Amino acid sequence: MPELPEVEVVKRSLERKIQNLDIKKVIINETNLRYRINPNDFSKLKGLKIKKITRRSKFLLFHFKNSIIMLAHLGMTGKFFFVSQNNRKSKTSFYYNLNEKKDNIHNRVIFHFKGRQKLIYNDVRKFGFLKFYNEKNYNNSLHLKRLGPEPLSKNFNFKYFKHYIKNKNRPVKNLLMDQTFISGLGNIYANEILFSSKIKPIRKAKNLKDLEIKRMLKITKNVLKKSIMEGGSSVKNFSSLNGKKGSFQQKFNVYGKQGKNCSNADCKKRIIKIKISNRATFFCPACQKY
DNA sequence: CGGGACTCCTGAGGGC
DNA sequence: TGCCCTCAGGAGTCCC
């Protein structure tokens, strides 16, 4: 799933390519994404340049001329591709084997630029969306206004964390996935952060000790930074294009590893899988005992 | 108001 | 081989 590091990587690689290109036309193959597409929004883009792309949490913001902002969310399976003149598809996003012919079925929106380049929004499951705002109102949008701090910002700190968890009976894993507490984590990183922090996913948030909070803060930031540097953990090894499922999972310590040996060398236990709030949760019963 | 349950969607994978 | 079932889950909405 695209989480903060993957979205950040997409942002960086896309921006280099499409900044200052002029939109010639936009072809919409599917209007029924997470939110129904209004083709009029896209026809207004004709002749406009993309000034810049920014990221907030897992959202991408395309800043066009005329103060138009397109808010994009990749959902589960959303991907952007940039296709240049030589027609070589440039992967800016991840995960699936891009057997191109077959995958073209899922090209939902295609932005054509002057000069024959294209930006393709591809999304198998249609959980993602493209929605329009302007420079004045986007921050108050339904999607952005309630978001918690960026994990890598200094606003995500001990004081904030400690204050927030007071009286919170929820499992700490739910807390990590709660976008109003911290924005940008999803199921994979929540599982991995708890493993590295040696904290049991069902632990009640309010019972976390100060030292554990400090450990989690540090690990959260480190895991995300490292993953961005490596091009997004879940993208790792994907560039070979073989799309073998195991190739991206091998980076993980617990996610999808139920029944496998714990990756800590001195631990003999196997990773187990449970459900928390109906979400798959993986942990080592020995390393994450409390 | 907090938080759990449900919902959208399609393809992969397992069982028989 | 093919059919059917379950699972994957971000995040908005509903409801207790």
Side-chain angles (χ1 to χ4, degrees), chain A residues 1-8 10 29-37 55-60 71-80 93-109 121-131 133 140-148 151 163-193 201-206 232-234 238 242-249 252 254-259 272-282:
Chain A
M1 306 76 251
E3 303 183 28
L4 187 152
E6 289 76 31
V7 178
E8 176 64 21
V10 172
N29 294 326
E30 171 65 68
T31 54
N32 187 31
L33 300 182
R34 177 73 175 80
Y35 300 104
R36 185 164 295 280
I37 278 179
R55 178 191 63 75
R56 173 75 173 102
S57 183
K58 303 174 198 173
F59 298 88
L60 286 171
L71 184 67
H73 195 290
L74 302 174
M76 293 283 297
T77 53
K79 298 180 278 287
F80 279 106
S93 199
F94 28 99
Y95 241 8
Y96 290 85
N97 181 14
L98 298 176
N99 176 329
E100 295 199 15
K101 282 244 166 55
K102 188 180 164 198
D103 208 58
N104 284 345
I105 301 165
H106 304 114
N107 288 348
R108 308 303 188 182
V109 178
Y121 179 69
N122 178 296
D123 191 348
V124 173
R125 291 185 209 172
K126 302 193 279 189
F127 269 29
F129 64 80
L130 305 173
K131 240 174 139 176
Y133 293 92
N140 271 322
S141 68
L142 169 72
H143 308 284
L144 301 189
K145 68 178 177 190
R146 296 180 62 239
L147 286 179
H163 181 257
Y164 196 97
I165 62 172
K166 206 180 284 180
N167 306 323
K168 290 281 190 293
N169 273 309
R170 322 166 65 186
V172 61
K173 178 175 178 249
N174 283 7
L175 194 75
L176 287 182
M177 293 182 64
D178 183 342
Q179 303 298 304
T180 62
F181 168 61
I182 174 177
S183 60
L185 301 183
N187 201 33
I188 293 176
Y189 286 103
N191 277 295
E192 295 296 319
I193 286 165
I202 56 170
R203 178 80 170 277
K204 283 185 181 181
K206 69 175 181 185
S233 275
S234 43
F238 179 69
N242 67 9
K244 292 266 164 56
K245 206 172 179 185
S247 66
F248 71 81
Q249 288 190 345
F252 302 139
V254 287
Y255 184 82
K257 299 283 191 181
Q258 69 271 30
I272 59 177
K273 177 182 178 184
I274 61 171
K275 287 220 169 194
I276 298 179
S277 297
N278 220 24
R279 290 287 180 256
T281 303
F282 307 86

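Everything quoted here is computed from the prediction, not taken from an experiment. Numbered from 1 within each chain, the chains take letters A, B, ... in sequence-line order.
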Any Lys126(A) side-chain nitrogen or oxygen under 4.0 Å from OP1 or OP2 of dC8(B)
no
Pick the closest DNA chain C nucleotide for Lys273(A) and for His73(A) by heavy atoms, then say which residue is nearer the 5' end.
Lys273(A)
For Glu30(A), which residues count as a side chain to side chain contact (heavy atoms under 4.5 Å, CB included) partner, sequence neighbours excluded?
Asn32(A), Leu33(A), Arg108(A), Lys126(A)
Return the set of residues passing ring-ring contact (aromatic ring centres under 6.0 Å, His included) with Tyr133(A) (not counting sequence neighbours), or none when no residue passes.
none
ring-ring contact (aromatic ring centres under 6.0 Å, His included) with Phe129(A): which residues, sequence neighbours excluded?
Tyr35(A), His73(A), His143(A)
Starting from P on dC8(B), measure out to CD on Glu30(A) and report it in whole angstrom.
16 Å
Within this structure, what is the CZ-to-P distance between Arg34(A) and dC9(B), rounded to whole angstrom?
10 Å
The first and last nucleotides of DNA chain C lying within contact of chain A, meaning any atom under 4.0 Å from one of its heavy atoms, run from dA8(C) to dT13(C)
Every protein N/O within reach of nucleotides 1-6 of chain B N/O, cut-off under 3.5 Å:
{"from": "dG4(B)", "atom 1": "OP2", "to": "Asn174(A)", "atom 2": "ND2", "distance (Å)": "3.3"}

Taking only residues two or more places apart in sequence or in another chain, which ones pass salt bridge (Lys or Arg N to Asp or Glu O under 4.0 Å) with [X]?
X	value
Lys168(A)	none
Glu192(A)	none
Arg56(A)	Glu150(A)

What contact category does Phe129(A) fall into here, base, sugar-phosphate, or nothing, at under 4.0 angstrom with non-hydrogen atoms?
nothing
Just jot down the side chain to side chain donor-acceptor pair (under 3.5 Å) partners of [X], sequence neighbours excluded, or say none.
X	answer
Asn29(A)	none
Lys173(A)	Asn187(A), Thr281(A)
Ser141(A)	none

Exercise: identify the closest heavy-atom pair between Val254(A) and Asn191(A)
CG2-O, 3.6 Å
Specify the angle, to 10°, made by the local axes at the two ends of the helix from dG2(B)-dC16(C) to dC16(B)-dG2(C) when five pairs are taken at each end.
50°
So that I can tick it off, tell me whether Asp178(A) and Arg170(A) are bridged by a salt bridge, with the cut-off set at under 4.0 angstrom between side-chain N and carboxylate O.
yes
